[in-house]
Every structure is written in C-alpha cells, then in structure tokens.
2 protein chains.
Amino acid sequence: MESTAPKTPDLTSAERPRTTAHGDRTRRQILRRAVDIASAQGLEGLTIGSLAKELGMSKSGLFAHFGSKEELQLAVVDEAAVIFAENVVEPAFEAPEGVARLYALMDHWVGYVDESVFPGGCFWSKVESEFSARSGVVRDKIVELTSEYIKAMQADVENAKRRGELRDDADAAQLTFEFGAYVQGCNLASQLHGDRAAFGRARLGIRRRIEDAATDKGKKALAAYIKG
Amino acid sequence: MESTAPKTPDLTSAERPRTTAHGDRTRRQILRRAVDIASAQGLEGLTIGSLAKELGMSKSGLFAHFGSKEELQLAVVDEAAVIFAENVVEPAFEAPEGVARLYALMDHWVGYVDESVFPGGCFWSKVESEFSARSGVVRDKIVELTSEYIKAMQADVENAKRRGELRDDADAAQLTFEFGAYVQGCNLASQLHGDRAAFGRARLGIRRRIEDAATDKGKKALAAYIKG
DNA sequence: CCTACCGATCGGTAGG
DNA sequence: CCTACCGATCGGTAGG
C-alpha cells in the first residue's frame, strides 16, 4: 500500500526537517564531542546514554537528533571527514603541485596524528579496525572515505610523475602503500607504546621514499619546499 | 583480619586447581574459538553468552573456567601469543642468522596475516587498536607482548649489523618501525579494502629496505636465502 | 558442568 | 527537548 500523503515523515533520512539555527548548533556540538569519544572508544563504545550525560541532556533528547544509533554513527563519520579535510587535505593544497604537494599532504597527515586532533589518536585508524570485520552502511561509508584519502595520495604521486619530479619507473601504488603504512605505524606506536619518536620516523620514511624515487628536478623541488 | 586457612580459594588466579586432562582440553577448545572471534569482533565483542552458545555449553559453565571476563580476555591474549610463536617466531629461527633470519621473520609475519590464521585478520592489530585508549591488565599484557615482537625484529636487525650484513650506519630503529608499519598496512588493506596485492607490497618494501641497508655480504646472504 | 536467577545498561519507544 | 518506560543482553552469582 502506497500513500501519496504519508502521515509519518521519515525522520531517519537526511531530509528530515532541521531548519532552526539552534538545532543545527546543538547537533554540531553533539557530533564534535562524539567524534572525540569515538576516536578513543570506537563507534560502538560511543553509547547514546553516556554521550547524553556528558552533554548534560537526556538520552531521548539526544536520540531525537538522529533517530537511530546507526544514523548517529554515520553523522559522526561525516563530521570526522570534515575535520580531516580541514586539517590535512585542504592545507596540502597550499603547497605547489608535484612532490612538494605530495610531501605536504603526508606531512599534514602525520601532523594531524601527532598533534592529537582527537584524544584517542587517528579517528580513521580506530574505526577502520573496529569495522574491518563487519558489514553495513557504516562500514561502507568508512571504506568509501578512507579509499578517497588513499586515492588522493596516489593522485599526488602520479601528478609528480607526470611533472617529471618522480622517475617514470616509480611505482605509484607501492609508494602509496608505504606512505599509508607509515601513518598507521606512527599512530599505533604513539597511542599504544607512547613512542613519540615514531612521528619523526614516519616523516623520515616518507621523505626518503620520495627522494629515492625523485628525479633531479624533483629533489630540488622537495628541498626548496622543506627549507622554505 | 588475616586467616592462615582461608575458606574461599582464589578461583581467579592461575593457581586455581585444574588438573584433569579433560578440563584442560575443554579450556583449550574454548580459547581457540575465542581467539578467532576476538580477531574479528575484538575482546569486548567477544561475549561470554555468544561464545558459550557457539560451543554448545551454558554461559555459567564456560564462565567457571575463567572466573571473570577479564581473566578470559587475558587467557585469550596468551593463547594468541602461542599461535603467533608457532606461526612466526619459531619458523624464523630455522633460517640462518643475519639478514636471512630477519627476512624470514618478516616473511612469516606477512604470511601469518596473509594466510588468515585468524578469520578477522591479525589478532594483534585488532586488540592493539581496541585497547589503545584503555587501561588495565589486559592492555598491559597486549603492550608487553607486542613490545616483545618489536624487540625481536630490532634484535634481528642489530644482529645482522654485527655480522656485517647490514651497514654500520643502518638505522635499526627506523628499519624496525618501517617493517612493523608494512605488516600493519597489509593487514588493514586486506581486511578493509580486500586488497590482496598489499601483501606483495609489504614483502617488497621489507626486501627493498633490507637491500638498501645491506653490505655486499648481506646482499649475497639475502639472495641465497630467498632463492633457496 | 547445569538451571535459574540478579542488577546494570544497551538501543529504542510512547506520549507529551 | 523531557519523563517514564520497554525487551534484550551484558557480566556475574546462588546453589547444586
């Protein structure tokens, strides 16, 4: 039975009416706090009751903003993507194209882990591990967004090749894999072993892999960017 | 009030009476299944009720083997350490000392992730991430064991240096960091993105880092081991 | 090893 | 946004 004028509006969809400035501000405050908690406790450890208590509101009051725990988790992942864009992707675009921008992207990325934008370390490392053996829309969104970040790395590597700053025989997929691994590695070493030296090791590894694959033009461009 | 003859024996300690062969076998069966589940769902996602149901026993019957969820988690971590020793640490000792043994250790390590000894990928990656922002004896045990694995890597690097197979200026801590990062990287790429090519990339990265740091003697020893 | 419980907490709902 | 609930599940206990 289909109805052309449904009595019950779909409160779980993104089109749910939410036009007041106050409602938007409250929702944003909830999500900022939720991303912090999820970076430490995971998206399942983030419970509606404990989040509500920390924000000084009732459980059902908070719940009404999202409609389900899954919708809350999706909103938290979206919010984390905004924070990542602001702290890593966008700042890297200020560097000149080529190896400089590639290095800038990875340098900001390590910095975002290092400076602990989130109390629990890298939000993405946490939720990737948490959802790696699950299925559903939350996992799908995590996979989609982190795939974009990997593609952004690889695009910068391939752009540097096209500009003649990395050698033609440089293996873009291999470099991308190694860069991602270094970021993961320093996040875990820091969070689990308190090893702050790992950030320097990640940066050094990234720099050496770029230098090893760079042409003379690329080496000069990278040195000029790092010095400047 | 101290008693020299306490009426209630400490059932949570390791000294709890457990002498029957049957009890030991049951306990081992429970733990093997539990490690599998924890590699996918984590040590919190491993609930006593669901584990009991899967093993066809009552919740309290299973519970009696451990005394608390925390003791179960500790036993699961110990069991995972036995499996890691059998699959990675011990097989590597069959390779000759030096860069060959270093490569063998890392090759078996990647193989243990690749061949999915556990259904959820690397048990250690899962629980390291899960407990990175927690405190307590379970986290402490995870940190202790994974630190041992890192030390085993670094000991092999330093041994290869002493034998003149890696150059004197090779940075042992840097190499160790990069090897660990590659293992983490291929586990996540495989589990989250289904990227089985990542195992080859991890192995290639490990081999190139060793070759880049190797002396002529070391290059020959590595080539002989990989060919043989 | 079992059945039969316990209090606490989970996500979610009713009704305002 | 609230109070007051719900059934399900959690770790854990009593008593055998």
Side-chain angles (χ1 to χ4, degrees), chain A residues 7-13 16-31 33-34 37-38 41-77 130-131 134 136-138, chain B residues 7-13 16-31 33-34 37-38 41-77 130-131 134 136-138:
Chain A
K7 281 176 183 170
T8 51
D10 178 6
L11 290 179
T12 64
S13 81
R16 150 182 33 138
R18 176 163 308 290
T19 48
T20 70
H22 178 70
D24 279 348
R25 223 184 315 124
T26 304
R27 186 185 156 94
R28 195 66 183 266
Q29 282 168 355
I30 293 169
L31 289 176
R33 193 79 201 86
I37 293 171
Q41 314 292 337
L43 282 167
E44 288 299 327
L46 173 76
T47 66
I48 294 168
S50 62
L51 180 59
K53 191 183 281 180
E54 249 188 282
L55 291 162
M57 62 194 295
S58 72
K59 216 177 69 168
S60 66
L62 187 147
F63 189 88
H65 280 274
F66 303 98
S68 73
K69 171 134 194 196
E70 194 169 66
E71 287 291 327
L72 168 64
Q73 291 176 329
L74 289 171
V76 169
V77 171
E130 188 181 10
F131 282 80
R134 295 190 192 177
V137 291
V138 178
Chain B
K7 281 177 183 169
T8 52
D10 178 5
L11 289 179
T12 64
S13 81
R16 152 182 31 138
R18 175 163 307 288
T19 46
T20 70
H22 177 71
D24 278 348
R25 222 183 317 123
T26 304
R27 186 184 157 94
R28 195 65 183 267
Q29 283 169 356
I30 294 169
L31 289 176
R33 194 78 200 87
I37 294 170
Q41 314 293 337
L43 282 167
E44 289 299 328
L46 174 75
T47 66
I48 295 168
S50 62
L51 179 58
K53 190 183 283 181
E54 250 188 282
L55 292 162
M57 63 194 296
S58 71
K59 215 176 70 170
S60 65
L62 188 148
F63 189 88
H65 280 273
F66 303 98
S68 74
K69 170 133 195 198
E70 194 170 66
E71 287 291 328
L72 169 63
Q73 291 177 329
L74 290 171
V76 169
V77 172
E130 188 182 10
F131 282 80
R134 297 191 191 175
V137 291
V138 178

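A, B, ... follow the sequence lines: proteins, then strands. Residue 1 opens every chain.
Looking at residues two or more places apart in sequence or on another chain, you find no side-chain hydrogen bond (donor to acceptor under 3.5 Å, both in side chains) involving A/S60. Evaluation of the side-chain contact (heavy atoms from CB on, under 4.5 Å) rule for A/Q29 yields no partner, not counting sequence neighbours. Listed by chain and residue number, B/I37 satisfy the side-chain contact (heavy atoms from CB on, under 4.5 Å) test with B/Q41 (two or more places apart in sequence, or in another chain).
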Let me have the donor-acceptor pairs involving side chains of residues 51-59 of chain B, under 3.5 Å, with sequence neighbours excluded, atom names and distances please.
| unit_1 | atom_1 | unit_2 | atom_2 | d |
| --- | --- | --- | --- | --- |
| B/E54 | OE2 | B/R33 | NE | 3.1 |
| B/E54 | OE2 | B/R33 | NH2 | 2.3 |
| B/S58 | OG | B/G61 | N | 3.0 |

- Check the pair A/L72 / A/L46 against side chain to side chain contact (heavy atoms under 4.5 Å, CB included), numbers first and verdict last. CA-CA 10 Å; A/L72 168 64; A/L46 173 76; 4.3 Å; yes
- Message: Across nucleotides 1-14 of chain C, 5' to 3', mark each nucleotide with B, S or - according to how protein heavy atoms within less than 4.0 Å reach it.
- Response: BBB------SBBB-
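In this structure, the side chains of B/Q73 and B/F66 stay at 4.5 Å or more apart for every pair of heavy atoms.
Listed by first residue number, the stems of DNA chain D with at least three Watson-Crick or G-U pairs below 3.5 Å are C:1-16 with D:1-16.
Of all heavy-atom pairs spanning B/E70 and B/V138, the tightest one is CG-CG2, 3.8 Å.
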